[in-house]
Amino acid sequence: MRGPGLFCCCLTALLLLGGADDVEDVEDVTIRDRSHIDSTLKLTEDKPKDDYSAALQRLRKIYHSAIRPLELSYKYNELRQHEITDGEITSKPMVLFLGPWSVGKSTMINYLLGLDDTPYQLYTGAEPTTSEFTVLMHGPKMKTIEGIVMAADSSRSFSPLEKFGQNFLEKLIGIEIPHKLLERVSFVDTPGIIENRKQQERGYPFNEVCQWFIDRADLIFVVFDPTKLDVGLELEMLFRQLKGRESQIRIILNKADSLATQELMRVYGALFWSLAPLINVTEPPRVYVSSFWADDYHAETHRELFLKEEISLLEDLNQVIENRLENKIAFIRQHAIRVRIHALLVDRYLHTYKDKMTFFSDGELVFKDIVEDPDKYFIFKSILAKTNVSKFDLPNKEAYKDFFGVNPISSFKLLSQQCSYMGGCLLEKIEKAITHELPDLLGSIGLGKKPGSLNCDVTGCGEAPKNRYRKH
C-alpha cells in the first residue's frame with residue numbers, strides 16, 4: 001500500500017507540473033450510482049420474508065426416510081465424498097466466485113454489497129491478495145468467524161469441511177454482515193488461480209475444496225479480466241471440475257471499460273477462443289461484459305451497454321434467489337438418482353461375484369477380475385438394460401476400483417435383502433421419492449402455492465411411514 005510520504009510526493013509533483021486544478025481532478029473520483037442494484041435485487045421492498053419452513057421440513061423428512069438409509073447402506077459418501085447435512089438442506093443459495101488472481105472477484109463482492117470504505121471491505125490489490133476461502137453470510141452484527149468454529153457448528157452447512165484438515169480450516173473465514181441481500185443468499189470468495197504456483201504449496205487439497213463448493217453452489221461466477229485470458233493447467237483442472245454444472249456457470253469479462261471498442265472485441269473473441277476447448281457443450285454459458293466496482297465507468301466507453309450487462313447479471317442473481325426452494329428440491333432429487341445408481345451398481349457387482357464363486361474359488365482373485373474388467377461381465381450395460389438409468393448418469397468405472405479397495409464386496413448386502421417388515425425396501429423407498437414425492441413437492445410450489453401453506457395435513461410432515469405389508 002502507498003504510504004503518506006509517497007502520496008505527498010505525488011501531490012507535489014502534480015502541483016509543479018499541472019497546477020492545483022489537476023490535483024482536484026485526480027482527487028475527484030466519481031462513485032457509481034447503486035440504485036439499480038437495490039431495485040433489481042428488490043432490496044428496497046419492505047415485504048415479509050417467504051416462509052419455506054414447512055416445505056424444507058418435508059424435504060428433510062424425505063431425505064432422511066427415503067434417501068439417506070440407502071446412502072449409508074452402500075457407503076455412497078466414500079464414492080462421491082458428498083455428505084448432505086441438515087444445514088445444507090436448509091441453507092440459503094450460495095454464489096461462488098472463481099477465476100485467476102487479481103481479476104476483480106473481491107472488488108465485485110465489495111461493490112454488490114456496498115462494502116467499500118467499511119471495516120469489512122474485502123482486501124483488494126494488483127498482486128494476489130485473497131489467500132482464504134471467505135464466506136459472507138448474514139448476521140445481526142458485523143463479526144468474523146474462524147474456519148475451525150464454522151466447521152464445528154453443526155447448524156451451519158460447513159461442518160463437512162473438517163475432512164480437508166486443519167491447514168485448510170486456517171484458510172477458511174466467515175464474515176457475518178447485517179445486509180439485506182445476505183438474508184437471501186451467501187457469497188463465497190476464493191483464492192485466485194496462480195498458474196506458476198504448485199498446488200502442493202497451498203498446504204491443503206485446493207482442487208478438492210473447490211469441488212466441495214462447486215457441488216453446492218447455486219450460481220458460479222468465473223471471472224476474467226483483459227490481461228488474464230491464458231488457460232494454464234490449474235484453470236484447465238477447474239473447468240474439468242465444473243463439468244456437468246454448465247447451467248450454473250456465468251462467465252464475467254471484468255474491467256471492460258479499460259478498453260477501447262476495437263480492443264474489447266478482440267479480447268472478447270480471445271476469451272471464447274481460450275475457453276472453447278474447456279466448455280464442450282451445445283449452449284455455452286452466458287458471458288457478461290462490464291466493470292464491477294464502485295468507481296464510475298471510464299469516460300468515452302460503452303456506459304449504457306455495460307450498465308445493461310450489469311442489470312442482466314443482477315436479474316440472473318435474483319432469479320436464483322427467487323428459485324431457492326425449487327433448486328434445493330432438484331438438487332436433492334439429483335443426489336437421490338446418483339445414490340440409487342450407485343446402489344444398483346454395487347448390487348450388480350455383488351450378484352456377479354456370487355455367481356462366479358465356487359467352492360474352490362479364491363474370492364479375492366475372482367472379485368479382482370470383475371473390478372478390473374467390469375465390461376467383460378456386463379456390469380454397467382446390465383444396469384442400462386434393466387433399469388431406468390441414462391448412460392450419461394453412470395459414474396466412472398475406475399472410481400469403483402478405489403471404492404472396493406477400501407470397502408470389501410463381502411461387507412454389502414444384495415438390494416433384495418435390504419427390506420424389513422416395518423420399513424419396506426430401501427430401493428422402493430428411494431424410487432418413490434425420485435418419481436413421486438420430490439416431483440409432487442416441486443409441483444406444489446410451481447403451481448403457485450405459498451411454501452408456508454404446506455402444512456402437515458398436506459405434506460404428511462409428522463405421519464408415520466406406511467407399511468406396504470399391512471392391510472389398511
Side-chain angles (χ1 to χ4, degrees), residues 76-85 87-89 91-103 105-106 108-109 122-123 128-137 144-154 156-176 185-223 231-246 248-250 278 331 335 338 395-396 399 402:
Y76 176 76
N77 185 45
E78 295 189 26
L79 178 77
R80 287 276 302 185
Q81 294 290 308
H82 192 165
E83 183 178 358
I84 293 179
T85 62
E88 187 173 348
I89 292 174
S91 65
K92 300 178 182 114
M94 179 191 293
V95 179
L96 181 63
F97 291 78
L98 299 168
W101 61 274
S102 197
V103 293
K105 299 186 296 295
S106 302
M108 184 175 176
I109 294 174
L122 300 181
Y123 181 64
T129 53
T130 304
S131 60
E132 298 95 4
F133 282 79
T134 306
V135 183
L136 292 99
M137 307 166 285
T144 302
I145 306 171
E146 298 296 328
I148 192 169
V149 176
M150 292 174 63
D153 188 351
S154 59
R156 300 182 189 273
S157 58
F158 303 104
S159 53
L161 289 170
E162 278 190 303
K163 67 185 177 185
F164 297 119
Q166 294 302 307
N167 283 345
F168 166 69
L169 293 181
E170 291 176 3
K171 294 292 185 182
L172 174 67
I173 188 169
I175 301 177
E176 288 190 347
V185 69
S186 297
F187 288 158
V188 180
D189 192 16
T190 62
I193 292 169
I194 304 175
E195 297 293 355
N196 61 359
R197 177 185 295 176
K198 293 181 181 177
Q199 180 183 331
Q200 289 79 2
E201 293 177 9
R202 296 183 188 268
Y204 61 89
F206 176 73
N207 287 335
E208 291 178 31
V209 173
C210 283
Q211 188 67 63
W212 189 92
F213 281 102
I214 288 168
D215 287 341
R216 289 157 178 80
D218 296 86
L219 192 60
I220 302 169
F221 289 140
V222 185
V223 187
V231 175
L233 291 176
E234 196 162 277
L235 192 60
E236 192 174 329
M237 171 64 75
L238 176 66
F239 272 92
R240 279 205 293 269
Q241 293 178 278
L242 290 169
K243 186 170 181 172
R245 303 300 303 275
E246 286 82 7
Q248 280 89 27
I249 299 173
R250 305 293 183 270
L278 306 179
F331 165 73
H335 178 78
R338 288 171 174 165
N396 189 346
D402 297 330

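Position 1 is the first residue of the sequence; numbering continues from there.
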### Task
Using atom types as modelled and distance alone, determine if a side-chain donor or acceptor of Glu162 lies under 3.5 Å from a backbone N or O of Pro160.
no

### Summary
Here the pair of heavy atoms bringing Leu96 nearest to Ala217 is CB-CB, 3.9 Å

### Task
Could you pull out all residues at least two apart from Phe239 that satisfy ring pair (Phe, Tyr, Trp, His ring centres under 6.0 Å)?
none

### Task
Please examine the side chains of Phe206 and Met237, heavy atoms only from C-beta on, and report whether any two atoms are closer than 4.5 Å.
no

## Note on the structure
Heavy atoms of Thr85 and Ser157 approach each other most closely as OG1-CA, 4.3 Å

### Task
Grab the two heavy atoms, one from Met150 and one from Ile173, that are nearest each other, plus how far apart they are.
SD-C, 3.8 Å

### Message
Given 3.5 Å as the limit, does a donor-acceptor pair link the side chain of Arg80 with the main chain of Arg338, or not?
### Response
no

#### Entry: Pairwise distance CZ(Phe213) to CG(Leu98) - rounded to 0.5 angstrom
10.0 Å

### Message
Once rounded to the nearest 0.5 Å, what's the spacing between atom CE of Met108 and atom CG of Leu122?
### Response
13.0 Å

### Query
Among Val135, Thr134, Ile148, which one satisfies side chain to side chain contact (heavy atoms under 4.5 Å, CB included) with Leu172?
Val135

### Query
Hey, what's the ring geometry for Phe168 with Phe133, parallel, tilted or perpendicular (30° and 60° as the breaks)?
perpendicular

### Query
Would you find a donor on one side and an acceptor on the other, under 3.5 Å apart, between the side chain of Lys105 and the backbone of Val222?
no

### Task
Count the heavy atoms belonging to other residues, nucleotides or ligands that lie under 6.0 Å from CG of Leu278, then report whether that count exceeds 12.
yes

### Task
Output yes when a side-chain donor or acceptor of Arg245 lies under 3.5 Å from a complementary backbone atom of Ile214, and no otherwise.
yes

### Separation between CD1 of Ile175 and CG of Leu136, rounded to the nearest 0.5 Å
5.0 Å

### Task
Could you list the residues that satisfy ring pair (Phe, Tyr, Trp, His ring centres under 6.0 Å) with Phe187, not counting sequence neighbours?
Phe97

### Greater than 12 external heavy atoms within 6.0 Å of Glu146's CD
no

### Query
Does a sphere of radius 6.0 Å around NZ in Lys243 hold more than 12 heavy atoms from other residues, nucleotides or ligands, not counting ones at 6.0 Å or beyond?
no

### Task
Scan side-chain atoms only and decide if Asn207 and Gln211 contain a donor-acceptor pair under the 3.5 Å cut-off.
no

### Message
Within the structure provided, determine whether Lys92 and Val185 are in side-chain contact (heavy-atom separation under 4.5 Å).
### Response
no

### Task
For residues Arg202 and Lys171, determine if any side-chain heavy atom of one lies less than 4.5 Å from a side-chain heavy atom of the other.
no

## Note on the structure
Between the CG atom in Leu233 and the CD1 atom in Ile193, the distance rounded to the nearest 0.5 Å is 11.5 Å

### Task
For Met137 and Ser186, work out which heavy atoms get closest and say how close.
CG-OG, 4.2 Å

### Query
When rounded to the nearest 0.5 angstrom, what is the spacing between OH in Tyr204 and CG in Leu169?
11.0 Å

### Task
Look up atom CG in Leu219 and atom CZ in Arg250, then write down how far apart they are to the nearest 0.5 Å.
5.5 Å

